[in-house]
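Taking it in order: structure first as structure tokens, then the write-up.
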Amino acid sequence: MTEVKLNRLIQAFGGTRVLQGLDLKIGLGVTGLLGPEGSGKTTVMRTLATVIRPSDGTLSIQGHDPADEEQRRSLRRQLGYLPQALGYYPGFTVRAFVEYFALLKEVPNKEVDSAVAQAIRRVGLHEHAGSKLGSLSEGMLRCAALAQAIVNRPQLLLLDDPMSCLDPEQRATVLDLIRDFGDHGIVVFATRAVEEVGEVCEVVVTLTDGTITFCGSVGELAKIGESSDRLENSALERGYRAVLAEGKS
Amino acid sequence: MSVGFVRLVLVEARHNPGLWLCPFLALTVGYLAHRALMRGIWLWPDTGLSILSTLLVIGPLVGGLSAWQAGRNWRRGTEELLAATPRPAPVRDLAAWSATVVWHLLAYAVAAGSILVLAYLGDAGGPFTLWPVVVGLMAIVACSSVGYAAGHYLPRGFTAPSVAAVLFLALQFLSREPSSAIHLAPLGASLTRSAFFGILPNVFPEQAIWLAGLSGAGLGAVVIGRRRTAPAIGFFALSLALAALGAALLLREPPWADSRQTEAGIRPYDPVCATEEIPVCVHPAYAKWLPEAAEVVSAISGPFAGIPGGPTRAEQVHTSVVGLEPDGTLQFFLHDASSLEYWLALDTARVLVGDDGSTSAASSDSARLAIEAWLLRRAGGDPEDAINLSETPERTAAASECFARLPPEERRTWLRAHYADLREGRVTLEDLP
């Protein structure tokens, strides 16, 4: 069973509802989570990453119930998470940082070294494996964080705004990586950039004020845009704008 | 303990600030202990206690560094990343804490080991004990654990210096406490710095219980902060109970538990002696001080040698309560450098003239003080130390100088005739020649 199911999922913080009862099923492949600032994308990602528990409703990931401690632990072994706000230890080298997370993700001891090397190579940081994180550029740091996310070869890869600060070469590397992981598992990719969704996602989910306003293929979203008369943007962009406007109204 | 956990600790340890501070900590412990020991001679109990007393500086440092390390994830914003990993948070904390404390323990152990080797090479005397080092290591763990718990609950920048300051003040306060609470700060009020007695554990086992409980309570508090499970609460409660038991046992001890050391009895030894006008003997552990001690004792006791009731032999004893024994043994007390440089001459002079230190206004005491001042002058001491105790210091000083100016033979004749009366307090200033 390789799917994520959200059933009437509500997240509320201090009386404010951030997610308003989401019903969603995410399957194999790359799913783009699109929405403006404050729409609830990061809250969805944090919930899927089992960092926060749902206030109400149910969540099932890969057949596991994250509310159960044992199942949550088992699920986290198959999970890769790149949060939007990236924290890191400046004194750690790239290799040590990725190794640290490999050990925290309970990668079998014999596989740790090869998994670390492979993850670092995969994000294109192999020449900087011995560099301290404090000495890296923002883009490289993002790549190092991505390496920790994939070091356990996750079945569910959650990437919250992974493209920020990346240069074109790093961007291409990361897009390739997302496509590859999407071929074998579930990738959920939260972003504000419509064109990024068009580049790698098969399915798009748009969020507005904690509510799903669209869920369908990239082509379907673009089709909505075709009827728009604002021709200065791509069809996908126009489709997103139309969905956004409808959601707000 | 899994291989994965050990690897986690190793990764943490390689990137722990303790790695860089380890040499500094080791040098600090080594310097403080060595400086304390350089004031005197090398004795095993003294060596152990000097190492232990460095906790006053090292304990707060260790606590502060541990608090700093505990707040790392909060400062670096990695909590989010870590929260999505399967390894339980308490295990992560245990790995981070272990990597912190291991450097502190290593620094302390290296410094303590170096001092012990120096003591060995310096022919340290007295009974050997590792209790102070063991308790010192346990105190390092306790300080680290308490500091880590504080940093866990208050992961702010000010927590580390605050923990260091609070620990320093607590240790400082407790170490000056004239009550049994002094034993809660394991800084060395628990063992006599004497070479004469055998070693008793004294309060060290109770301190070990107290520190083990404290360490467990600190770690337990961290675990409870992460997940309030029954085993975690049980471990915390058990640790608190252990700490309370240790504290209760320590508070039942007398403030100066080193007095219990006498229960171990004096260990047999062959004294080493210098042949002066009378033989002057010391415990072999104090052999380094023998020439200086013999010079002082001989200078003071020489005029009484061969006089009936006078000393026939001088011997170092374990207690500061000294006297002239009926068999002619003149007792003296050597403890530290100050006892050699100051108290030896003063105490020996007092014992020889029969002054028990409780001076009264009686003129006979002034006569004894006058002779005492003369003896101090002979030994290179300060005669004022005796004269100032007299009610008539000018007259006493004059009498002392007058006595000093007498030809040696005349002085000796007078002493031979009046020594018993002088010691009994039956000689007045007017009786002095």
Side-chain angles (χ1 to χ4, degrees), chain A residues 42 45-53 66 69-93 95-113 116 132-134 144-145 148-149 151-152 154 156-158 160, chain B residues 1-22 65 68-100 103 151 155-157 223-224 226-232:
Chain A
T42 294
M45 297 300 270
R46 296 183 78 206
T47 308
L48 296 180
T50 69
V51 173
I52 51 174
R53 293 179 185 205
E69 190 179 331
E70 274 311 304
Q71 292 191 50
R72 185 169 63 240
R73 192 168 173 188
S74 169
L75 167 67
R76 284 175 174 173
R77 289 194 193 102
Q78 306 166 39
L79 185 80
Y81 177 43
L82 175 67
Q84 185 183 36
L86 179 61
Y88 64 95
Y89 309 122
F92 276 52
T93 61
R95 189 183 295 111
F97 184 67
V98 180
E99 182 187 357
Y100 182 65
F101 278 92
L103 294 165
L104 288 180
K105 290 178 175 192
E106 299 178 332
V107 172
N109 190 47
K110 285 178 186 170
E111 297 170 23
V112 168
D113 292 336
V116 168
K132 292 207 167 161
L133 295 178
Q148 71 74 30
V151 71
N152 55 332
L156 173 60
L157 184 59
L158 303 167
D160 196 350
Chain B
M1 195 185 294
S2 69
V3 178
F5 177 76
V6 173
R7 284 190 69 169
L8 202 57
V9 173
L10 290 176
V11 173
E12 287 273 17
R14 286 204 309 271
H15 299 88
N16 193 285
L19 170 64
W20 304 104
L21 289 164
C22 190
L65 286 170
W68 178 255
Q69 195 61 10
R72 178 191 63 170
N73 295 335
W74 181 85
R75 285 195 310 278
R76 297 296 176 198
T78 52
E79 291 282 8
E80 180 93 357
L81 268 179
L82 296 166
T85 59
R87 213 175 271 276
V91 177
R92 287 200 316 262
D93 281 319
L94 189 61
W97 175 76
S98 302
T100 305
W103 289 119
R156 312 281 166 180
V223 175
I224 285 180
R226 294 288 191 188
R227 49 172 65 183
R228 210 161 286 179
T229 59

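Naming: A, B, ... by sequence-line order, numbering from 1 per chain. As the structure is a computational prediction, the values presented were derived from the model and not from experiment.
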For the CE atom of A:Met45 and the CG atom of A:Leu82, what is their distance to the nearest 0.5 Å? 8.0 Å

Relative to chain A, which of B:Val91, B:Val11, B:Leu81 shows the most heavy atom pairs under 4.5 Å? B:Leu81

At what distance, to the nearest 0.5 angstrom, does NZ of A:Lys132 lie from CZ of A:Arg95? 13.0 Å

Output every pair passing salt bridge (Lys or Arg N to Asp or Glu O under 4.0 Å) with a member in residues 75-84 of chain A, not counting sequence neighbours, ordered by first then second residue. A:Arg77-A:Glu106

Chain A contact via B:Arg75 - which portion, at a heavy-atom distance below 4.5 Å: neither

Pairs of heavy atoms under 4.5 Å with chain B: top-ranked of A:Tyr88, A:Tyr81, A:Tyr100, A:Tyr89: A:Tyr89

I'd like to check A:Val112 versus A:Glu99 (side-chain heavy atoms, cut-off strictly below 4.5 Å). Are they in contact? yes

Greatest number of heavy atom pairs closer than 4.5 Å to chain B - which of A:Ser74, A:Ala102, A:Pro83: A:Pro83

With sequence neighbours excluded, residues passing side-chain contact (heavy atoms from CB on, under 4.5 Å) with B:Pro155: B:Trp74

Which of the residues A:Leu103, A:Leu104, A:Leu86 is involved in the greatest number of heavy-atom pairs with chain B at under 4.5 angstrom? A:Leu104

Option in A:Thr50, A:Leu79, A:Asp113, A:Leu75 with maximal non-hydrogen atom pairs under 4.5 Å from chain B: A:Asp113

With a 4.5 angstrom heavy-atom cut-off, could you sort out which part of A:Phe92 is near chain B: side chain, backbone, both or neither? both

Could you check if a side-chain atom of B:Thr100 sits within less than 4.5 angstrom of a side-chain atom of B:Trp68, using non-hydrogen atoms only? no

